[in-house]
Amino acid sequence: MTPEEQLELVKKHYELNAAGDRPAAEALLTDDFFITIRSSMPFGGVYRGKGAFRELIPMVAETVGLAGIKFVETTVGGDCAVEIVEFTLAGEAGPPVEATEVIRFRGNQICEIRTYYFDPGPMIAAGERRKRTGSSRE
């Protein structure tokens with residue numbers, strides 16, 4: 001794929017997921033797709049398969065009280081892209097939680113996403129608060 005095609009693939013994937021069109025978003029993933037989130041996060045782990053986001057997105061939203069996601073910028077090169085993402089947490093007055101997502105390609109599909117948080121503290125704290133108050137799943 002050209003860098004332009006990679007950029008369009010990433011944008012399309014995020015747009016389809018944001019719109020809730022899971023089948024169309026999943027068609028952009030390889031059969032062995034996986035997303036990795038550091039184990040210290042309240043929703044940390046490795047999520048596998050085309051349906052990984054069906055499990056992960058609601059879990060993140062519920063676990064930390066996710067109020068919004070902003071996709072700031074994407075850059076591509078070689079067999080990967082990097083997306084800068086800002087997560088806004090419900091009831092939090094501080095700045096958004098910043099992360100980057102490294103997206104790897106195989107053929108014309110996305111085969112892996114690995115998320116890196118600049119400061120995961122606010123998300124970890126939000127998850128702990130919600131767990132204590134019973135606002136999220138156990």
statement: For Thr100, the side-chain hydrogen bond (donor to acceptor under 3.5 Å, both in side chains) test, sequence neighbours excluded, returns none
query: For Arg22, what residues pass the side-chain hydrogen bond (donor to acceptor under 3.5 Å, both in side chains) criterion, not counting sequence neighbours?
result: Asn17
- prompt: Between the side chain of Gln109 and the main-chain N/O of Ala27, is any donor-acceptor distance below 3.5 Å?
  reply: yes
Gln6 to Gly78 - nearest heavy-atom pair and separation: NE2-O, 2.8 Å
Over all atoms of both residues, closest heavy-atom pair of Arg130 and Val64: CD-C, 3.3 Å
message: To the closest 0.5 Å, what do you measure between CD1 (Ile103) and CD1 (Ile35)?
response: 9.0 Å
field: By side chain to side chain contact (heavy atoms under 4.5 Å, CB included) - contacts of Ala67 (at least two apart)
entry: Thr88, Ala90
- prompt: In terms of hydrophobic clustering (I, L, V, M, F, W, Y; side-chain heavy atoms under 4.5 Å; direct or indirect links), are Ile124 and Phe43 co-clustered?
  reply: yes
- request: Please identify each residue that fulfils ring-ring contact (aromatic ring centres under 6.0 Å, His included) with Phe53, with sequence neighbours left out.
  value: His13, Phe33
With sequence neighbours excluded, residues passing side chain to side chain contact (heavy atoms under 4.5 Å, CB included) with Glu5: Met1, Thr2
- prompt: Which heavy atom of Thr63 sits nearest a heavy atom of Pro42, and at what distance?
  reply: CG2-CB, 3.3 Å
field: For Asp119, all residues meeting salt bridge (Lys or Arg N to Asp or Glu O under 4.0 Å), sequence neighbours excluded
entry: none
message: Going by the rule salt bridge (Lys or Arg N to Asp or Glu O under 4.0 Å), which residues pair with Arg54 if we only count those two or more places apart in sequence or in a different chain?
response: Glu26
- prompt: Pairs in or reaching into residues 88-108: which pass ring pair (Phe, Tyr, Trp, His ring centres under 6.0 Å), with residues at least two apart or in two chains?
  reply: none
query: Which pair of non-hydrogen atoms, one from Pro122 and one from Leu89, has the smallest distance, and what is that distance?
result: O-CD1, 3.7 Å
message: Can you tell me how far apart CD (Glu15) and CZ (Phe71) are? Round to the nearest 0.5 Å.
response: 9.5 Å
- prompt: Do you reckon Val85 sits in the same ILVMFWY cluster as Tyr47, going by side-chain contacts under 4.5 Å, direct or chained?
  reply: yes
- prompt: Do the side chains of Leu7 and Leu9 join up, straight or via other hydrophobic residues, at under 4.5 Å, putting them in one cluster?
  reply: no
field: Check: Leu29 main-chain N/O paired with Lys50 side-chain donor or acceptor under 3.5 Å
entry: yes
task: Apply the test side-chain hydrogen bond (donor to acceptor under 3.5 Å, both in side chains) to residues Glu98 and Tyr116: give CA-CA distance (whole Å), side-chain angles for both, the deciding distance (0.1 Å), then the verdict.
output: CA-CA 9 Å; Glu98 297 177 324; Tyr116 297 90; over 6 Å; no
- prompt: Other than Ile84, what residues sit in its cluster of Ile, Leu, Val, Met, Phe, Trp and Tyr side chains whose heavy atoms are under 4.5 Å apart, directly or through others?
  reply: Val72
query: Can you list every pair that meets side-chain hydrogen bond (donor to acceptor under 3.5 Å, both in side chains) and has a residue in residues 75-87, with sequence neighbours left out?
result: Thr74-Glu83
query: Could you give the distance from CD (Glu101) to CZ (Arg114), rounded to the nearest 0.5 Å?
result: 12.0 Å
message: Suppose we screen for side-chain hydrogen bond (donor to acceptor under 3.5 Å, both in side chains). Which residues come up paired with Tyr117, at least two apart in sequence or across chains?
response: none
query: Which pairs count as salt bridge (charged side-chain N to carboxylate O under 4.0 Å, His left out) when at least one residue sits in residues 32-43, sequence neighbours excluded?
result: Asp32-Arg106
